[in-house]
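Note on naming: letters A, B, ... go to the chains in the order of the sequence lines (proteins, then strands), and numbering restarts at 1 for each one. No experiment lies behind these values; they were computed from the predicted model shown.
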Amino acid sequence: MTTEAFEPGEGEIKGNFIYQEIDRDLAAGKNGNKVLTRFPPEPNGYLHIGHAKSICINFGIADHYKAACNLRFDDTNPVKEEVEYIESIREDVTWLGFTWDGEVKYASDYFDQLYEWAVKLIKNGKAYVCDLTPDEIAAQKGTPTTPGKDSPYRTRSVEENLNLFERMRKGEFKEGERILRAKIDMSSPNMHMRDPIMYRILHKHHYRTGDKWCIYPMYDYTHGQSDFIEGITHSICTLEFEVHRPLYNWFLDQILDGEPVPVVKPRQIEFARLNLNYTVMSKRKLLELVQKGIVSGWDDPRIPTISGLRRRGYTPESIHQFAEKVGVARRDNIIDVALLEFCIREDLNKRAVRVNAVLDPVKLIITNYPQDKVEMLDSVNNPEDESMGVRTIPFSSEIYIERDDFMEQPPKNYFRLGPGLEVRLKSAYIIKCDDFKKDDSGKITEVYCTYDPETRSGMPQSHRKVKGTLHWVSAKHCINGEVRLYDRLFMDEEPDGHEDKDFKEFINPGSLKILTNCKLEPGLADVKPLDKFQFQRLGYFCVDADSGPGRLVFNKTVGLKDSWAKIVRK
RNA sequence: UGUUCCGUGGUGUAAUGGUAGCACAGAUGGUUUUGGUCCAUCUAGUCAGGGUUCAAAUCCUUGCGGAACAACCA
């Protein structure tokens, strides 16, 4: 990635309003004709599909303007942040196919500079140490509709503030005893301008700065300055930060007071965050699901974390497509998860190898096929892409078919097998059902058929029309495997603002089905984790990373239409 | 009864004063050795009123509706 200046006219046309704003800034000659964005997660959880949208926007802008994008960890709260999250976030961004500019950045690297600037604000009479308790501060802050009241400590002298702030840093006070506040306007209609907190005392070990600090800067005092330090031109964030923008600009103005006008002054632009219907997206709730053991971890295929989607079989390309299709705007939105599924089906349809697997097997015996004969038959790997070639699969007199694919008394528009009916076996012969056997409970145990030797795939007679095509595996050659059907975890209702219901009434619990008696095509013994397949008529699957020796585990990833994975409204 | 932001088919998103388009979802038909894919057709929209203009989704205005903001979180 380069940081050379953008030359207008390059790159494809992007229509969303952020591009228009950037174009406008470029046209006005701002920022020395440069563009630099950043993706700034707090390392307090794993990334999810909502972050993926933000990542695609920020890195997408960098690509478009032949510019760069930083990865910066917004790690100003040692209470919630962990190294594990840093690593997962780096991995997810990389997996999505993006490269950040230079080294990873950390807001905690700027703590010294931030402290110096805080001293500057105090000296300029723009910040003061306040001794009020949290409750007192809340009380004097007012409400959105009523003004607040000045703190009695607002008029402390510069010397006293300097002295107290220094002693805060040295650790002379307990947590909550004192804070540093900006001196702005307690009657501002914008709550964030009512003397916001800049620093709080936290006697906590920080995963990067260790015990060097016992005062930590707040988000508002950190973000804009971090952007400024890095030379970020456009600081793109979600809509809930919109009311913070005046404060973002105010802090920048204060630290720049008395300084020459900088070439790059960052500008915050907000867009509407991604919402998916029926989908649990809040970090807090996902954390709770993980901690309560409702899911197996942050990468459980049932939740919409990037690592969960990866295990579920999503490709980076499909997520890019999704981000492209949902667009970028400033109005609240609830995207239909069907769009996300469309994106992965569209992608997998082009790249997934078609294979046979029987999830719930019933034995089918071809009575007129020689008992010890084995034929190797060609089967195309992907009808959408000839270059993916063919593979050979064994065929013999005893095979397994899907239990669902035989009905004793089929209804009118049933495409599959029943007494007296003919179907094609995929890549093999047309067969006709003559008889079947049931056990005492009425369960079908065996199906008897005769095959038509003239109808093998590729033979002249093979194009005879029959109603349906079945997938199958040779009983003698198939391997036994386990298939896990992960259905997305989903909420009963669409997301409704900040509704905070209990999980028990909120989440569909029964979303993992384990099938242990699956019969798989022999070649599947050699597959690798995260390989993707489409099983004939059953849907797309992703091989689970949990596969161990002697066992194959598949995640069902995305169902075909009307298949199990479909979400049904209650 | 504060400030700010936002209202285009069921869901998203284009049209930046000049033919309301695209995608998903839904419906119908066709092709198909996957009930997949693919192809075709259909359904359905500018929150409301007023104003400016030859011309308004777009500009102005008044309503109405939705969202954000009162963490020593980000």
d(Ile18(A) CD1, Ile61(A) CD1) to nearest 0.5 Å is 5.0 Å
Starting from the 5' end of RNA chain B, give me the residue, Lys141(A) or Ile335(A), whose nearest nucleotide shows up first.
Ile335(A)
Specify the residue among Arg354(A) and Arg245(A) whose closest nucleotide of RNA chain B lies further upstream toward the 5′ end.
Arg245(A)
Measuring from the side chain of [X] (C-beta onward, heavy atoms only), which nucleotide among [options] has the closest atom?
{"X": "Arg345(A)", "options": "U37(B), C5(B), C69(B)", "result": "U37(B)"}
{"X": "Gln536(A)", "options": "A70(B), C72(B), U34(B)", "result": "U34(B)"}
{"X": "Pro383(A)", "options": "C72(B), U34(B), A15(B)", "result": "U34(B)"}
{"X": "Leu339(A)", "options": "C24(B), A70(B), C72(B)", "result": "C24(B)"}
{"X": "Asn333(A)", "options": "G12(B), C73(B), A25(B)", "result": "G12(B)"}
{"X": "Asn77(A)", "options": "C73(B), C69(B), A23(B)", "result": "C73(B)"}
{"X": "Arg330(A)", "options": "A14(B), C5(B), G2(B)", "result": "C5(B)"}
{"X": "Ile197(A)", "options": "C5(B), C72(B), A67(B)", "result": "C72(B)"}
{"X": "Val243(A)", "options": "A14(B), A68(B), G36(B)", "result": "A68(B)"}
{"X": "Pro144(A)", "options": "C72(B), A70(B), U34(B)", "result": "A70(B)"}

What is the distance, rounded to the nearest whole Å, between atom [atom1] of [X] and atom [atom2] of [N]?
{"X": "Gln140(A)", "N": "C72(B)", "atom1": "CD", "atom2": "P", "value": "11 Å"}
{"X": "Asn275(A)", "N": "A67(B)", "atom1": "CG", "atom2": "P", "value": "12 Å"}
{"X": "Ile57(A)", "N": "G12(B)", "atom1": "CD1", "atom2": "C1'", "value": "14 Å"}
{"X": "Arg273(A)", "N": "C6(B)", "atom1": "CZ", "atom2": "C1'", "value": "16 Å"}
{"X": "Lys426(A)", "N": "U33(B)", "atom1": "NZ", "atom2": "P", "value": "9 Å"}
{"X": "Glu242(A)", "N": "U3(B)", "atom1": "CD", "atom2": "C1'", "value": "11 Å"}
{"X": "Phe241(A)", "N": "A71(B)", "atom1": "CZ", "atom2": "C1'", "value": "12 Å"}
{"X": "Arg331(A)", "N": "U8(B)", "atom1": "CZ", "atom2": "P", "value": "5 Å"}

Tell whether His244(A) reaches the base of A74(B) with its side chain through a donor-acceptor pair below 3.5 angstrom.
yes
Ignoring hydrogens and angles, answer whether the base of U33(B) and the side-chain atoms of Ser457(A) contain a donor-acceptor pair closer than 3.5 Å.
yes
Has [X] got a side-chain N or O lying under 4.0 Å from the OP1 or OP2 atom of [N]?
{"X": "Thr76(A)", "N": "A74(B)", "answer": "yes"}
{"X": "Lys465(A)", "N": "U32(B)", "answer": "yes"}
{"X": "Arg200(A)", "N": "A71(B)", "answer": "no"}

Is there a donor-acceptor pair closer than 3.5 Å between any side-chain N or O of [X] and the backbone N or O of [Y]?
{"X": "Thr238(A)", "Y": "Glu240(A)", "value": "no"}
{"X": "Asp332(A)", "Y": "Ala272(A)", "value": "no"}
{"X": "Arg72(A)", "Y": "Ala107(A)", "value": "no"}

Check the angle between the aromatic planes of [X] and [Y] and answer parallel, tilted or perpendicular using the 30° and 60° thresholds.
{"X": "His48(A)", "Y": "His51(A)", "value": "tilted"}
{"X": "His244(A)", "Y": "His192(A)", "value": "tilted"}
{"X": "Tyr85(A)", "Y": "Trp298(A)", "value": "perpendicular"}

Looking across every strand, which nucleic acid part, if any, lies under 4.0 Å from [X] by heavy atom: base, sugar-phosphate, or nothing?
{"X": "Glu42(A)", "answer": "sugar-phosphate"}
{"X": "Gly142(A)", "answer": "sugar-phosphate"}
{"X": "Val328(A)", "answer": "sugar-phosphate"}
{"X": "Gly458(A)", "answer": "base"}
{"X": "Lys80(A)", "answer": "base"}
{"X": "Leu274(A)", "answer": "nothing"}
{"X": "Arg194(A)", "answer": "nothing"}
{"X": "Asn413(A)", "answer": "base"}
{"X": "Tyr414(A)", "answer": "base"}
{"X": "Phe342(A)", "answer": "sugar-phosphate"}
{"X": "Asp332(A)", "answer": "sugar-phosphate"}

Considering only atom [atom1], compute the distance from [N] to [M] and round it to an integer number of Å.
{"N": "G50(B)", "M": "A71(B)", "atom1": "P", "value": "44 Å"}
{"N": "C5(B)", "M": "G10(B)", "atom1": "P", "value": "28 Å"}
{"N": "U28(B)", "M": "C69(B)", "atom1": "P", "value": "44 Å"}
{"N": "A74(B)", "M": "C59(B)", "atom1": "P", "value": "37 Å"}
{"N": "U43(B)", "M": "G7(B)", "atom1": "P", "value": "27 Å"}
{"N": "G65(B)", "M": "U32(B)", "atom1": "C1'", "value": "49 Å"}
{"N": "A25(B)", "M": "G63(B)", "atom1": "C1'", "value": "33 Å"}
{"N": "G51(B)", "M": "A68(B)", "atom1": "P", "value": "35 Å"}

Decide whether Tyr314(A) and Glu341(A) meet the rule of one side-chain donor and one side-chain acceptor closer than 3.5 Å.
no
Looking just at side-chain N and O atoms, do Asn44(A) and Lys283(A) make a donor-acceptor pair shorter than 3.5 Å?
yes
Working note: His471(A) + Arg354(A), criterion side chain to side chain donor-acceptor pair (under 3.5 Å); need CA distance, chi angles, decisive distance, verdict.
CA-CA 11 Å; His471(A) 57 275; Arg354(A) 273 57 167 172; over 6 Å; no
Is the Phe17(A)-Phe271(A) ring centre distance short of 6.0 angstrom?
no
Set of side-chain hydrogen bond (donor to acceptor under 3.5 Å, both in side chains) partners for His205(A), sequence neighbours left out:
Asp211(A)
Each stem that RNA chain B is part of, given as range with range (3 or more consecutive Watson-Crick or G-U pairs, under 3.5 Å):
B:2-7 with B:64-69, B:10-13 with B:21-24, B:26-30 with B:38-42, B:47-51 with B:59-63
